[in-house]
*Asks:* 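The structure's right below; bear with me while I get my questions together.
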Amino acid sequence: MAEQQHKSTRKSDETTDQVEETEVDVERKEKLDDDVDSILDDIDDVLEENAEEFVRSFVQKGGQ
Amino acid sequence: MSVRRVQGSEVEYGIAVKGQPHANPMVASTHVVNSYAAAHGLTRRARWDFEEENPLRDARGFDLSREVADPSQLTDEDLGLANIILTNGARLYVDHAHPEYSSPEVTNPRDVVVWEKAGEHVMRLGAELAGQLPGAAPVVLYKNNVDNKGASYGAHENYLMRRDVPFEAVVEHLTPFFVSRQVFTGAGRVGQMQDGSVHAFQISQRADYMEVGVGLETTLKRPIINTRDEPHADPKKYRRLHVIIGDANCSETAIYLKHGTTSLVLAMIEAGFLSSGLALAQPVTALHDISHDPSLKDVVELQDGRTITALELQGEYLRQAQEFVAREGSDEQTDDVLRRWADVLERLARDPRECERDLDWVAKLSLLESYRDRDGLDWDHAKLHLVDLQYHDVRPEKGLYHQLVRGGRIDRLVTDAEIQAAITEPPHDTRAYFRGMCLTRFAADIAAASWDSVIFDLAGHDSLQRIPTMEPLRGTAEHVGELFEQCDTAAELFSTLTRR
């Protein structure tokens, strides 16, 4: 939820006509953060459930 | 001077049966291989021919007796496990407790990428089909090397070399190179030590499992330089350098650079071009130390007392390769490898994160760090271990490597069309063409095959007929392509070949 709000705030910033340079930097950083958040969101969607159990049960016999 | 050289790769995949942690991995692996074979018309399942295999032959010039060998070193005994040859010339089989895909022989690093990636698809399909067997649970495969509980399985490289190069020279010059090349070949791992008991990230999956400098073993006391001497070719002319130190890479750039740079170093060793002076004081310790330092700033000690970083060591090899090329000339792919090698080393030196679009360990670390930042996770957190493992899941919808590629966050090197074709078609420029075409055209008449032979079972012949393929660069499309066009039956092909 907080993530959604964060994104819409950024969008309204983009539509502001007069943006000072420092704000551009902040915006770029926010965009990067948004990017990272969206990767993690995508990955959260596909990560196996119950990480602890899943990782514990991955036991292999040695190979070469 | 070229990256061109007969080479290939073998990858053992981690295997899990969903919801059945105690499922027998040999049975599950066998299902993967046999399901693939059955679905692709390889019903006769031409068997692997073991006649020329000598897993106990040592490059240093002696044979280990079978009595003192560990049972896991005996790879040439058919244990009744699945073992087939594909129409692309590859071998798909069960090795110990893992399904393994050995690529067909190719002539250059870029083709290694194409046919190794084709193997990922073969594995994905095999697992998918195995999961559809009556009563079966889904089978999941991982292109990685560790379970983080002590077990490791390999991703080997093979390079054909001139036999007359002294093996001491190979050991001297390859050891510092192998110890340091992990800065771009590492696949990244959450956990240090073989059992993962130290909670920290490291660059390489395999580093902690290498315990000695030089040796014959591949399953215990694993060496930086493996001395197995089975050339699968004319032993008077060739040796096959069997490399066991590498990680299983998902990144195409990493596979390409791993094979490309190693091919160049071998060319320099064969030419006697490399200067001495980079011998490490303690190679195994240096290998572990470098892997445990993702900042790439730590130094390791040379025999002469100097200290040097992994990137500087690689820089030394790069510099000599550039000099060698300036003297000897090169070709397009060689120039490309050199350019990328230099570029990657430069960016790694500036800030390793600059390589997150190119290299597995950097892409994985970047993802892990993002999770740590967002969720405040320590390195022992199960979610980080899961991200590490699932990065290597071969299923496009689940594998995190695939997810990053789809999101445009990792750069590709080859095309999907090339990989798709390589799933069924052999390379045109090695003997794999002959083997693959025999399977494509006459699968029902092939009793067995191996790297250096194809064995026919022909009507009208009492015994099996063996066609040796001891020369890796014969049996190419250029040599025998027309023959396959002219012959409608295996018998015709065989009689034409033996009449010559």
Side-chain angles (χ1 to χ4, degrees), chain A, chain B residues 10 12-16 18-22 25-26 72 75 95-98 100 140 142 145-156 209 217-220 222 244 366-367 370-371 373-375 381-390 393 395 397-400 402-404 406-407 409:
Chain A
M1 275 312 204
E3 159 64 15
Q4 293 284 326
Q5 260 174 342
H6 182 60
K7 271 183 183 163
S8 57
T9 314
R10 191 180 57 78
K11 265 183 192 146
S12 66
D13 280 353
E14 277 172 357
T15 56
T16 312
D17 282 331
Q18 294 191 333
V19 185
E20 288 178 20
E21 233 168 74
T22 49
E23 285 182 16
V24 174
D25 285 348
V26 169
E27 197 175 302
R28 188 176 298 139
K29 165 99 172 64
E30 279 184 358
K31 181 160 169 18
L32 280 174
D33 288 349
D34 276 359
D35 276 359
V36 170
D37 284 348
S38 77
I39 313 170
L40 296 192
D41 288 345
D42 287 350
I43 286 176
D44 280 336
D45 287 344
V46 300
L47 273 186
E48 302 284 354
E49 284 167 19
N50 198 347
E52 196 163 343
E53 173 60 26
F54 195 90
V55 167
R56 191 174 46 230
S57 66
F58 185 72
V59 180
Q60 299 290 294
K61 285 209 174 6
Q64 294 216 47
Chain B
E10 326 163 19
E12 294 179 330
Y13 286 71
I15 184 163
K18 267 238 156 130
Q20 300 178 12
H22 302 294
M26 290 181 219
S72 64
T75 61
D95 197 3
H96 303 289
H98 303 271
E100 172 165 338
V140 185
Y142 297 89
N145 305 103
V146 295
D147 69 356
N148 219 31
K149 294 162 192 78
S152 180
Y153 31 100
H156 300 173
Y209 295 88
E217 285 86 359
T218 56
T219 53
L220 43 132
R222 293 185 185 91
I244 71 164
S366 161
L367 204 53
S370 301
Y371 267 105
D373 284 351
R374 190 190 73 174
D375 301 343
H381 199 281
K383 194 164 187 179
L384 298 184
H385 286 290
L386 180 59
V387 168
D388 178 3
L389 176 59
Q390 208 172 322
D393 189 326
R395 296 171 297 177
E397 72 281 8
K398 291 297 256 183
L400 304 188
H402 294 290
Q403 181 101 355
L404 292 173
R406 258 200 312 280
R409 297 174 184 286

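Each chain gets a letter, A, B and so on, in the order its sequence line appears, and its residues count up from 1. In this text, all values refer to a predicted model and were calculated from it rather than measured experimentally.
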*Asks:* What residue in B/Asp375, B/Leu384, B/Leu386, B/Asp393 has the most heavy-atom pairs under 4.5 Å with chain A?
*Replies:*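 Heavy-atom pair counts peak at B/Leu386.
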*Asks:* Does the pair B/Asp388/B/Lys383 count as a salt bridge with the N-to-O cut at 4.0 Å?
*Replies:*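 Salt bridge: no.
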*Asks:* Heavy-atom distance under 4.5 Å to chain B: side chain of A/Val36, backbone, both or neither?
*Replies:*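 Looking at A/Val36, just its side chain touches chain B.
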*Asks:* At a heavy-atom separation under 4.5 Å, does B/Arg406 approach chain A through its side chain, its backbone, both, or neither?
*Replies:*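 Neither part; nothing is under 4.5 Å.
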*Asks:* Flag the one option from B/Gly407, B/Ala97, B/Ser370 with the top tally of heavy-atom pairs under 4.5 Å to chain A.
*Replies:*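 Top count of heavy-atom pairs under 4.5 Å with chain A: B/Ser370.
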*Asks:* Does any backbone or side-chain atom of B/Ile244 lie under 4.5 Å from a heavy atom of chain A? Answer side chain, backbone, both or neither.
*Replies:*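 Contact with chain A: none, neither part.
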*Asks:* If only atom types and distance count, is the side chain of A/Gln60 paired as donor or acceptor with the main-chain N or O of B/Val146 below 3.5 Å?
*Replies:*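 Not at all, since once roles are kept as given, no pair shorter than 3.5 Å links the two residues.
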*Asks:* Taking atom CD of A/Glu49 as the centre, report whether more than 12 heavy atoms of other residues, nucleotides or ligands fall under 6.0 Å from it.
*Replies:*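 Not buried by this count: 12 neighbours or fewer within 6.0 Å.
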*Asks:* Give, as side chain, backbone, both or neither, the part of B/Asp373 having an atom under 4.5 angstrom from any heavy atom of chain A.
*Replies:*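 No part of it gets close to chain A.
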*Asks:* Given heavy-atom pairs under 4.5 angstrom as the criterion, report whether the side chain, backbone, both or neither of B/Val140 touches chain A.
*Replies:*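 When you check distances to chain A, no heavy atom of B/Val140 falls under 4.5 Å.
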*Asks:* Quick check against the 3.5 Å criterion: does B/Gln390 have a side-chain atom that pairs as donor or acceptor with the backbone of A/Glu48?
*Replies:*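 Yes, the answer is positive, given that a donor and an acceptor are paired below the 3.5 Å cut-off.
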*Asks:* Relative to chain A, which segment of B/Lys149 carries a heavy atom at a distance below 4.5 Å: side chain, backbone, both, or neither?
*Replies:*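 The side chain, not the backbone.
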*Asks:* Could you tell me which portion of B/His156 (side chain, backbone, both or neither) has an atom closer than 4.5 angstrom to a non-hydrogen atom of chain A?
*Replies:*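 For B/His156, side-chain heavy atoms alone lie under 4.5 Å from chain A.
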*Asks:* Please state whether the side chain, the backbone, both or neither of A/Asp35 comes within less than 4.5 Å of a heavy atom of chain B.
*Replies:*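 Answer is both: backbone and side chain atoms of A/Asp35 are under 4.5 Å from chain B.
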*Asks:* Return the option, out of B/Glu100, B/Lys18, B/Glu397, with the maximum number of heavy-atom pairs under 4.5 Å with chain A.
*Replies:*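 Highest number of pairs under 4.5 Å: B/Lys18.
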*Asks:* I'd like to know if the side chain of B/Glu12 reaches the main chain of B/Gly154, judged simply by a donor and an acceptor atom lying under 3.5 Å from each other, with no hydrogens or angles considered.
*Replies:*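 Yes; at least one donor-acceptor contact below 3.5 Å.
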*Asks:* Is it true that B/Tyr13 and B/Tyr153 have ring centroids separated by less than 6.0 Å?
*Replies:*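 For B/Tyr13 and B/Tyr153, the ring centres are not under 6.0 Å apart.
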*Asks:* At a heavy-atom distance under 4.5 Å, which candidate from B/Gln403, B/His385, B/His381, B/His22 has the highest pair count against chain A?
*Replies:*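 Counting heavy-atom pairs under 4.5 Å, the top option is B/Gln403.
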*Asks:* Can you say whether B/Leu404 sits under 4.5 Å from chain A via the side chain, the backbone, both, or neither, judging by heavy atoms?
*Replies:*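 Looking at B/Leu404, just its side chain touches chain A.
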*Asks:* Of all heavy-atom pairs between B/His96 and B/Met26, which one has the smallest distance, and what is that distance?
*Replies:*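 Minimum heavy-atom contact is O-CG, 3.4 Å.
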*Asks:* Does any heavy atom of chain A fall under 4.5 Å from the side chain of B/His98, the backbone, both, or neither of them?
*Replies:*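 Just its side chain gets close to chain A.
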*Asks:* Assess whether atom CD of A/Glu52 is packed by more than 12 heavy atoms of other residues, nucleotides or ligands within 6.0 Å.
*Replies:*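 Not buried by this count: 12 neighbours or fewer within 6.0 Å.
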*Asks:* Verify, without hydrogens or angle tests, whether B/Ser152 (side chain) and B/Tyr209 (backbone) share a donor-acceptor contact under 3.5 angstrom.
*Replies:*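 A pair under 3.5 Å: no.
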